[in-house]
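In what follows, a single structure is set out as structure tokens and then discussed.
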Amino acid sequence: YNLIDVMQEAIAENLELETYRKDVLLSEEETRLAKSNYLPNLSVGASGSYVDPELAEASAGQNPEVLTNANVVLSQTVFSEAANANISIQKALQKAQQENYNSEALNTVFQASKAYFDALIIKANLSIQSRNLDLTKYNLKIAKENFEAGLAGKSDVLRFRSEMARNTQDLIEAGNKMNQAFYNLNQVLNNPIDTKIDVEEAQLEVGVFKNYNYEQLGAFIDDPSSKKPFVNFLVEEAIKNAPELKVLDYNLQAAERSERLYGAGRFLPTLALQGQYYHELSRSGAGTEFPSIFPVPPDNYYSLGLNVTIPVFDQNRQNINKSIATIQKDQIHVFQDNIKLTVQKNINAAVVELINQISNIHLS
């Protein structure tokens, strides 16, 4: 793997990221469910009844002894502020969930890249320990020859034997750390843990890194006159692009929509149409005939209606819900301020750590 391979495969295969992708799909279904409140509702039913023959005979044909019927009911919401608010809220929450996924995707890329560079560091250390062991073996060979020739005492032989034992142990530990680093990388990439993999060497301004001017980056943070505006620029870009802040923005939209619903929106009426079709399937037994003095009702008939509902007082729930939405808005504003402060702290800390790393590289 090179760094680009690791990034791309982590995005495509990482299992933890896949759970966030499923959350996005679930939020899309929640939005569809909210929109379905404006779809028509159609139900079909059938029933049968049996009454006492004497009671049926006395009902003048209204309740025959045996009666079967069927009906079709159609209802359609025309306007509902609650349904409109739910749709808007679910759309905002869907976008927030997408930003949650974007945030986790960045975290996954970061974790995968860190696992890649950790493996590179440990691989380099393994090479160093191997060369140290070879050098100690060579020095031990010379010490033995000098001792056998009488040119030196046995202390050098014993010292290099002890050092060879330590080098061997260091090499074994470095090899085990190399395996652990590959296990970690396999987990991030959703490979079987024991998959045999390797990582390509990386060097600044070579390969995938050749398009990045690291010398200019180092010059920015090394010069006190340019460091502060450069850090301020990084903070501004981070705040503008941070998915965590975008999540809060969409949650704020949802809270504001709830506040409007439980405020003035509570007085908007809910309009719904309803239609019903009735069909008498059969009647038999006593009481099936209508008296001649009464008109015979039809076997089939339909009805249409318009329902208008205006909530007036709902056990004070509207006011309570409005207060909850207002508190949620204030809470989100606090979260936003805290995240912005955390971003500023993290970037300043990262720049300081970068300066330390550059110093360590020069020292090395």
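Index from 1, following the sequence. Not measured: the values here are computed from a predicted model.
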So for atom [atom1], which belongs to [X], do other residues, nucleotides or ligands contribute more than 12 heavy atoms lying within a distance under 6.0 Å?
X      : atom1 : answer
Phe335 : CZ    : no
Tyr101 : OH    : yes
Tyr138 : OH    : no
Glu54  : CD    : no
Lys177 : NZ    : no
Phe233 : CZ    : no

Validation row: [X], [Y] side chains within 4.5 angstrom (heavy atoms):
X      : Y      : value
Met7   : Ser113 : yes
Asn2   : Val6   : no
Glu173 : Gln169 : yes
Leu74  : Pro40  : yes
Val199 : Phe182 : yes
Phe230 : Leu217 : yes
Ser59  : Leu55  : no
Lys141 : Glu145 : yes

Ionic contact status for [Y] with [X], cut-off 4.0 Å:
X      : Y      : result
Asp198 : Lys123 : yes
Lys22  : Glu28  : no
Arg159 : Asp156 : yes
Glu148 : Lys144 : no

With distance as the sole test, does [X] use its side chain to make a donor-acceptor pair with the main-chain N or O of [Y] at under 3.5 Å?
X      : Y      : value
Asn241 : Glu237 : yes
Arg266 : Gly263 : yes
Ser80  : Ala83  : yes
Asn102 : Pro243 : no
Asn186 : Ile193 : yes
Thr136 : Met164 : no
Gln76  : Tyr38  : yes
Ser359 : Ile355 : no
Asn37  : Ala34  : yes
Ser130 : Ser127 : no

Does the side chain to side chain contact (heavy atoms under 4.5 Å, CB included) test come out yes or no for Val44 and Val73, once each step is laid out?
-> CA-CA 6 Å; Val44 178; Val73 178; over 6 Å; no
Step by step, work out the side chain to side chain donor-acceptor pair (under 3.5 Å) result for Tyr1 and Glu9.
-> CA-CA 10 Å; Tyr1 289 99; Glu9 189 159 336; 3.3 Å; yes
Go through the steps for Glu13 and Asn191 under the test side chain to side chain donor-acceptor pair (under 3.5 Å), then give the verdict.
-> CA-CA 9 Å; Glu13 301 295 339; Asn191 291 330; over 6 Å; no
Specify the closest pair of heavy atoms between [X] and [Y], including all atoms of both residues, with the distance to one decimal.
X      : Y      : answer
Phe147 : Gly153 : CD1-C, 3.7 Å
Asn84  : Phe79  : ND2-CE1, 3.4 Å
Ala238 : Ile347 : CB-CD1, 3.5 Å
Ala325 : Ala255 : CB-O, 3.7 Å
Ile11  : Leu17  : O-CD2, 3.6 Å
Ile358 : Gly218 : CD1-CA, 4.3 Å

Please assess Ser75 against Gln274 for the test side chain to side chain donor-acceptor pair (under 3.5 Å), listing each intermediate value before the final yes or no.
-> CA-CA 4 Å; Ser75 60; Gln274 183 171 342; over 6 Å; no
Quick one: pull up [atom1] in [X] and [atom2] in [Y] and give me the separation to the nearest 0.5 Å.
X      : Y      : atom1 : atom2 : answer
Asn125 : Leu171 : CG    : CG    : 9.5 Å
Leu133 : Ile172 : CG    : CD1   : 9.5 Å
Glu81  : Asn86  : CD    : CG    : 11.5 Å
Asn139 : Leu135 : CG    : CG    : 4.5 Å
Asn179 : Ile122 : CG    : CD1   : 10.0 Å
Glu104 : Asn107 : CD    : CG    : 5.0 Å

Does a donor on one side chain sit under 3.5 Å from an acceptor on the other, for [X] and [Y]?
X      : Y      : value
Thr68  : Ser282 : yes
Arg166 : Ser162 : yes
Glu259 : Asn321 : no
Tyr50  : Glu65  : yes
Ser47  : Asn69  : yes

Centroid-centroid distance, Tyr301 to Tyr278, less than 6.0 Å = yes
Are Tyr20 and Leu93 in one and the same hydrophobic cluster, where Ile, Leu, Val, Met, Phe, Trp and Tyr link if side-chain heavy atoms are under 4.5 Å apart?
-> no
Do Leu234 and Leu245 share a hydrophobic cluster (ILVMFWY, side-chain heavy atoms under 4.5 Å, transitive)?
-> yes
Glu256 and Arg260: CA distance, side-chain angles, deciding distance, salt bridge (Lys or Arg N to Asp or Glu O under 4.0 Å) verdict | CA-CA 6 Å; Glu256 290 174 343; Arg260 293 198 304 272; 5.0 Å; no
Please test Asp222 against Lys227 for salt bridge (Lys or Arg N to Asp or Glu O under 4.0 Å), starting from the C-alpha separation and ending with a verdict.
-> CA-CA 7 Å; Asp222 192 47; Lys227 175 185 171 184; over 6 Å; no
Gln98 and Gln94: CA distance, side-chain angles, deciding distance, side chain to side chain donor-acceptor pair (under 3.5 Å) verdict = CA-CA 6 Å; Gln98 179 63 52; Gln94 177 185 337; over 6 Å; no
Kindly indicate, with the supporting measurements, whether the criterion salt bridge (Lys or Arg N to Asp or Glu O under 4.0 Å) is fulfilled by Lys114 and Asp118.
-> CA-CA 6 Å; Lys114 185 177 183 302; Asp118 286 345; 3.0 Å; yes
